[in-house]
Amino acid sequence: MRIRVVNPNTTSSMTAAIGTAAAAVAGPGTIVEAVTPSMGPASIESHYEEALAVPGLLEQIAIGEQQGVDAYVVACFGDPGLDAAREAASGPVIGIAEAGFHAAALLGRRFGVVTTLGRTVGRAHELAERYGFASLVTEIRACEVPVLRLEDPTSDARALVIEECRAVIAGGADAVVLGCAGMADFCAEVSRAIGAPAVDGVAAATVLAESLVRLGLTTGKHGEYAAPPAKPMSGLLAGFERQPAADATVGADA
Ligand code: 2AL
């Protein structure tokens with residue numbers, strides 16, 4: 001089985017750390033390929049960057065489809081482009097916020113989230129609402145560490161994440177979800193430090209994607225998530241034009 005873990009930002013050192021976290025939990029026989037888009041922001045911590053990360057993500061889904069990938073992980077906590085990726089992919093696509101929330105909901109009655117900058121808290125609340133977990137979320141806290149500072153083990157980043165995770169647990173949560181793919185490589189350290197479960201969405205999404213493939217399940221493609229129709233795309237997006245499906249009905253409005 002091949003699982004393509006797409007880091008929607010263009011920082012390849014972060015992709016490598018994400019790939020290591022995903023490979024560490026994948027079962028025998030599963031090939032994890034962590035990939036970096038050819039275009040997009042170096043890190044994603046605003047709505048603007050999230051929007052501009054989506055073409056690069058979809059480029060990596062298109063390549064995966066050509067190569068017969070079985071499932072995908074969108075490895076950014078805003079789950080950018082998740083619906084579009086589900087339309088474009090034939091196999092299941094899981095976002096790391098989505099996976100983190102699902103896993104945390106199985107670990108106790110309520111959970112909290114620790115994200116990077118305060119400006120990403122709103123998006124995390126929006127996703128908890130969307131996925132049906134809002135009533136289980138105790139709080140969403142920001143450690144005010146920019147994404148790329150998480151990569152520097154000599155910085156204060158890890159200590160600040162741990163401090164906020166402790167506060168989440170002290171506030172009554174049974175578990176804490178780490179709100180950035182850049183926290184994947186020190187999730188175990190956080191768990192040990194706070195004495196409570198810390199959930200890394202990259203690992204959770206990898207195992208969930210693998211499980212869906214093993215169950216023979218994929219996205220329902222008969223309605224909302226059907227493959228997008230072929231139509232002209234212009235300017236910088238010309239390369240994103242989709243080809244008509246081989247079995248498309250001639251004359252269909254597509
Ligand atoms: C993220 C993430 O997971 N990757 C990225 O570039 N930004 N999330 C976040 N909350 O800042």
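Read the numbers this way: they start at 1 and go in the same order the structure lists the ligands and their atoms. Position 1 is the first residue of the sequence; numbering continues from there. Reckoned from all heavy atoms, side chains included, excluding hydrogens, waters and symmetry mates.
Atoms OG1 and CG, from T11 and L148 in turn, are 4.5 Å apart once rounded to the nearest 0.5 Å.
Heavy-atom contacts of A181 reach the following atoms of ligand 1: 2 (C), 3 (O) (cutoff under 4.0 Å). With ligand atoms numbered from 1 in the order given, ligand 1 contributes 10 (N) to contacts under 4.0 Å with heavy atoms of T115. Less than 4.0 angstrom separates some heavy atom of G179 from each of these atoms of ligand 1: 8 (N), 9 (C), 10 (N).
Under a 4.0 Å heavy-atom criterion, G182 is not in contact with ligand 1.
Looking at I44 next to ligand 1, an N or O pair under 3.5 Å apart turns up. Taking only nitrogen or oxygen atoms, main chain and side chain alike, A75 does not reach within less than 3.5 Å of ligand 1. In terms of polar-atom proximity, defined here as any N/O pair under 3.5 Å, N9 does make such a contact with ligand 1.
Using a cut-off of 4.0 Å between Lys/Arg side-chain N and Asp/Glu carboxylate O, E241 and K231 are scored as not salt-bridged. Salt-bridge annotation for R158 and E151: absent, with no side-chain N of the basic residue lying under 4.0 Å from a carboxylate O of the acidic one. Contact check on R4 versus D70 returns no salt bridge, with no Lys/Arg side-chain nitrogen under 4.0 Å from an Asp/Glu carboxylate oxygen. Salt-bridge formation is not detected for the pair E126/R130: no Lys NZ or Arg NE/NH1/NH2 atom is positioned less than 4.0 Å from an Asp or Glu carboxylate oxygen.
Under the 4.5 Å side-chain heavy-atom criterion for Ile, Leu, Val, Met, Phe, Trp and Tyr, Y131 and V74 are members of the same hydrophobic cluster.
At a heavy-atom cutoff of 4.0 Å, ligand 1 is contacted by the side chain of M14 but not by its backbone.
Using modelled atom types and a 3.5 Å distance limit, the side chains of E210 and T30 yield a donor-acceptor pair.
Of the protein's non-hydrogen atoms, the one nearest atom 9 (C) of ligand 1 is T116 OG1, 3.4 Å.
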